[in-house]
Amino acid sequence: QVQLVESGGGLVQAGESLRLSCAASGRTFSGDAVGWFRQAPGKEREFVAAIRWSGASISYRESVKGRFTISADNSKKVVYLQMNSLIPEDTAVYYCNGGIIGSGGRYHPNPRYWGQGTQVTVSS
């Protein structure tokens, strides 16, 4: 059983940066994929970025490439999302997921392993 707690969200202006953290507790495996999804009001929850605890197999959605960086500290069991050059379209609740599977060109979360979410608001 893996539990996840996100932190680091806030209100920033366009062009500024935030760093999100996801602290995991319980059992984790180096080959498992962990990462971030986000959900804006009125929209579906969408994939943002994923990484294996080993640091391998990094993936991002196209709209955040070059701006966001995901990393994982397996010893501390913390996953980070460094978000630079934020734009209003990044406004959403960001959720950490501890069991992401890639299939059919999409990244699917494990519904058992969600964090509570952290709000990111980017003003223009």
* May I ask you to decide if S123's main-chain N or O and Q13's side chain share a donor-acceptor pair within less than 3.5 Å? => no
* Does Y80 have R19 sitting over its ring (NZ/CZ under 6.0 Å from centre, angle to axis within 45°)? -> yes
* To do: Quick one: do S57 and R52 satisfy side chain to side chain donor-acceptor pair (under 3.5 Å)? Show the steps, please.
  => CA-CA 6 Å; S57 304; R52 298 190 187 278; 3.1 Å; yes
* For Q39, does the CD atom have more than 12 heavy-atom neighbours from other residues, nucleotides or ligands under 6.0 Å away? -> yes
* Asked: How long is the gap from OG on S21 to CG on D73, to the nearest 0.5 Å?
  -> 10.5 Å
* Distance from E89 atom CD to R38 atom CZ, nearest 0.5 Å? -> 9.0 Å
* Structure fact -> Closest non-hydrogen atoms of G117 and V93, given as atom of the first, atom of the second and distance, are CA-CG1, 3.9 Å
* Are I100 and V34 close enough, and set up right, to give a side-chain contact (heavy atoms from CB on, under 4.5 Å), and what steps lead you there? -> CA-CA 6 Å; I100 296 171; V34 62; 5.7 Å; no
* Around atom CD1 of I87, are there more than 12 heavy atoms of other residues, nucleotides or ligands at under 6.0 Å? -> yes
* Is the backbone N or O of Y113 less than 3.5 Å from a side-chain atom of N97, with the two atoms forming a donor-acceptor pair by type? -> yes
* Asked: So, Y60 side chain and I70 main chain: donor-acceptor pair closer than 3.5 Å or not?
  -> yes
* To do: Answer yes or no: does atom CZ of F47 have more than 12 heavy-atom neighbours from other residues, nucleotides or ligands under 6.0 Å?
  => yes
* Main-chain N/O of T91 paired with T121 side-chain donor or acceptor, under 3.5 Å -> no
* Which distance, rounded to the nearest 0.5 Å, do you find between the CD of Q82 and the OG of S71? -> 8.5 Å
* Interatomic distance, L81 atom CG to Y94 atom OH [nearest 0.5 angstrom] -> 7.5 Å
* Structure fact -> CZ of R61 to CH2 of W36, rounded to nearest 0.5 Å, is 16.0 Å
* Would you say the side-chain atoms of E6 pair up with the backbone N or O of C96, donor to acceptor, closer than 3.5 Å? -> yes
* **E46, CD atom: more than 12 neighbouring heavy atoms under 6.0 Å** => yes
* To do: Evaluate side-chain contact (heavy atoms from CB on, under 4.5 Å) for S17 paired with N84, printing each intermediate quantity in order.
  => CA-CA 4 Å; S17 299; N84 298 327; 2.9 Å; yes
* To do: Take F68 and L18, measure what side-chain contact (heavy atoms from CB on, under 4.5 Å) needs, and give me the verdict at the end.
  => CA-CA 10 Å; F68 291 10; L18 284 172; over 6 Å; no
* To do: Evaluate side-chain contact (heavy atoms from CB on, under 4.5 Å) for L20 paired with M83, printing each intermediate quantity in order.
  => CA-CA 8 Å; L20 306 183; M83 305 186 295; 3.7 Å; yes
* Asked: Atom CG in D90, atom OG in S63: separation rounded to 0.5 Å?
  -> 7.0 Å
* Asked: Is there a side-chain contact between Y95 and P109 (heavy atoms, below 4.5 Å)?
  -> no
